[in-house]
Engineer: 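Next up is a structure, given as structure tokens.
Note that these values count all heavy atoms, side chains included, but never hydrogens, waters or copies made by symmetry. All values reported here derive from a predicted model rather than from experimental measurement.
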Amino acid sequence: MDASMPVSIPQLLISIVLLLVFFFGIGFILNMILKTTWLPIIVYAGFVAYIAFQMKHIHLVDISWLIAGLVGAVASGWTIQTLRVKGYKMF
């Protein structure tokens, strides 16, 4: 896609949902394997810092994608923590 072409609203909404689910899944798997709760958020913060330093201009669409990923990472940590509190030993 050309950088000057704006992203349509349906594309934006679908991409936000996909990124949220993607980072939730990655964070959930990392939490199960490494037995840490908030490591995916720390890794995601490093990812965002790397992306922010590589880009010259950050647009509203980029910020919405980064926020969707952060929400997914936080939701995975919260879910794992809730499952541990409720007694699920495998988490």
Engineer: For residues Leu19 and Ala68, report the shortest heavy-atom separation together with the two atoms involved.
Structural biologist: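 So the minimum-distance heavy-atom pair works out to CB-CB, 4.4 Å.
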Engineer: Report, one line per pair, each donor and acceptor closer than 3.5 Å where one atom sits in a side chain of residues 40-58; sequence neighbours left out.
Structural biologist:
| unit_1 | atom_1 | unit_2 | atom_2 | d |
| --- | --- | --- | --- | --- |
| Tyr44 | OH | Leu66 | O | 2.5 |

Engineer: Val61 and Val71: same hydrophobic cluster, using ILVMFWY side-chain contacts below 4.5 Å?
Structural biologist: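 Both belong to a single hydrophobic cluster.
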Engineer: Check side chain to side chain contact (heavy atoms under 4.5 Å, CB included) between Leu18 and all other residues, then give those that pass, not counting sequence neighbours.
Structural biologist: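 Side chain to side chain contact (heavy atoms under 4.5 Å, CB included) list for Leu18, sorted by chain: Ile14.
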Engineer: With the 4.5 Å side-chain cut-off for hydrophobic clustering, are Phe22 and Leu70 part of the same group?
Structural biologist: yes
Engineer: Mind checking the CZ-OG1 spacing from Arg84 to Thr79? Nearest 0.5 Å is all I need.
Structural biologist: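 Those atoms lie 11.5 Å apart.
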Engineer: Just verifying a value: how many Å separate Asn31 CG and Ser76 OG, rounded to the nearest 0.5 Å?
Structural biologist: 5.0 Å
Engineer: Cluster question for you: counting only ILVMFWY and a side-chain heavy-atom cut-off of under 4.5 Å, with indirect links fine, are Val85 and Phe28 together?
Structural biologist: no
Engineer: Walk me through whether Thr36 and Leu30 qualify under side chain to side chain contact (heavy atoms under 4.5 Å, CB included).
Structural biologist: CA-CA 8 Å; Thr36 63; Leu30 278 175; over 6 Å; no
Engineer: So do the side chains of Leu12 and Trp65 get within less than 4.5 Å of each other, counting heavy atoms only?
Structural biologist: yes
Engineer: Answer whether the closest heavy-atom distance between the side chains of Asp62 and His59 falls below 4.5 Å.
Structural biologist: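 The answer is yes, as the side chains (C-beta and beyond) meet within the 4.5 Å cut-off.
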Engineer: If you look at every heavy atom in Trp38 and Val74, which pair is closest and at what distance?
Structural biologist: CZ3-O, 3.9 Å
Engineer: Rounded to the nearest 0.5 Å, what separates atom CD1 in Ile67 from atom CG in Leu20?
Structural biologist: 11.5 Å
Engineer: Do Ile80 and Tyr88 land in one hydrophobic cluster if side-chain heavy atoms of ILVMFWY residues count as linked below 4.5 Å?
Structural biologist: yes
Engineer: Under 4.5 Å between side-chain heavy atoms, hopping through other hydrophobics if needed: is there a path connecting Leu83 to Met32?
Structural biologist: yes
